[in-house]
Amino acid sequence: TRPYGRTLTYNCPVRDGHVDYSQFNPVHDGLRVNTITSLAFQTKGKNDAHILLQNNNNDFEYKVVEIVIGGWGNTLSVIRNKQQGEALCKNEGHVLSSSSLQWFWVSWNGGCVKVGKGPNVGGSQIMQWCGLNFSINGIRFSYGFGSGGTYLIPLPENSPPRHDSSKTSKSSRYRRDTEESEESEDRQ
């Protein structure tokens, strides 16, 4: 296990029919994405937890990988190489909970993007896509398609202090914790 310092907490509002990747910026909040190749986090929501891996932290369309966890009414998870793109791999089944935090992990190493359940990167893998041909320098989180949710992202002890995201996004509800915490539509 890695020693963790503080935890980023993102409370995503309910969004109907879309996601908003611009609402939170973990890079500005102290997550050094360009120095890691995996991330474990907790999330809680009814459906449609979305994660966007980015080559450029400010670009949401070009050189991105979109991961949907518990989409389509919490029945399907997918990896895509663009927002709203074709599913490159799928995992069927209910994985999210609206009543309790669930651990997930994402890794991007050696040209492969992998997703799994649990706090240990590499354990309980549910998806893999090997077609990544660019470096990951940014990551964004959102919920959408009729669901809001919460993300808890533990940062390593030596993470830099956070930038105040509230000045860059009026719609964000951002809170920094100092201790570690424990139907969608046809198109997701």
Side-chain angles (χ1 to χ4, degrees), residues 1-10 12 19 21 24-27 29-45 47-55 57 63-72 74-83 85-98 100-143 149-160 177 179-182 188:
T1 62
R2 291 185 258 182
Y4 292 114
R6 57 193 171 87
T7 297
L8 299 177
T9 299
Y10 296 131
C12 303
V19 295
Y21 289 120
F24 309 113
N25 189 342
V27 170
D29 295 332
L31 182 60
R32 293 180 175 173
V33 178
N34 63 340
T35 66
I36 60 175
T37 58
S38 65
L39 181 68
F41 59 92
Q42 291 178 286
T43 193
K44 175 173 71 169
N47 56 268
D48 284 276
H50 286 243
I51 299 139
L52 191 70
L53 301 176
Q54 306 164 280
N55 176 252
N57 186 47
K63 290 188 176 180
V64 298
V65 175
E66 185 174 51
I67 299 164
V68 180
I69 298 174
W72 293 270
N74 196 22
T75 63
L76 182 66
S77 300
V78 300
I79 298 176
R80 323 188 257 219
N81 63 354
K82 68 179 185 176
Q83 283 193 52
E86 177 184 337
L88 302 168
C89 70
K90 301 177 184 181
N91 179 68
E92 294 183 8
H94 297 272
V95 291
L96 291 174
S97 171
S98 60
S100 65
L101 289 163
Q102 304 293 309
W103 278 99
F104 291 93
W105 57 266
V106 176
S107 70
W108 54 92
N109 194 14
C112 292
V113 175
K114 300 176 184 179
V115 180
K117 294 166 50 173
N120 300 319
V121 175
S124 300
Q125 182 175 308
I126 61 171
M127 293 187 289
Q128 175 177 305
W129 170 68
C130 294
L132 183 66
N133 60 2
F134 52 87
S135 61
I136 301 301
N137 300 301
I139 188 169
R140 301 295 181 114
F141 298 88
S142 186
Y143 267 81
T150 299
Y151 286 97
L152 300 179
I153 305 156
L155 298 180
E157 283 183 355
N158 60 353
S159 296
D177 289 339
E179 56 188 74
E180 184 177 345
S181 314
E182 2 154 22
Q188 302 289 317

If you round to the nearest 0.5 Å, how far is [atom2] of [Y] from [atom1] of [X]?
X: L96; Y: S77; atom1: CG; atom2: OG; value: 7.0 Å
X: D48; Y: W72; atom1: CG; atom2: CH2; value: 7.5 Å
X: I136; Y: L52; atom1: CD1; atom2: CG; value: 9.0 Å
X: S107; Y: L53; atom1: OG; atom2: CG; value: 9.5 Å

task = Begin with the C-alpha distance, continue with both residues' side-chain angles, and end with the deciding distance and a verdict on side-chain contact (heavy atoms from CB on, under 4.5 Å) for I126 and K117.
result = CA-CA 7 Å; I126 61 171; K117 294 166 50 173; 3.8 Å; yes
inquiry  = A side-chain contact here means heavy atoms from C-beta on lying under 4.5 Å apart; do F104 and I67 qualify?
reply    =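 A side-chain contact under 4.5 Å is absent here.
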query = Got S38 and V106 here, is their nearest side-chain heavy-atom distance under 4.5 Å?
reply =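 Heavy-atom side-chain distance check fails, nothing below 4.5 Å.
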task = For a ring-ring contact (aromatic ring centres under 6.0 Å, His included) with Y10, tell me which candidate from F24, Y151, F41 qualifies.
result =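 Only match with Y10 under ring-ring contact (aromatic ring centres under 6.0 Å, His included): F24.
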Any donor and acceptor pair, going by atom type alone, linking the side chain of [X] with main-chain N or O of [Y] inside 3.5 Å?
X: N137; Y: Q54; answer: no
X: W105; Y: Q125; answer: no
X: R80; Y: V64; answer: no
X: H50; Y: S142; answer: no

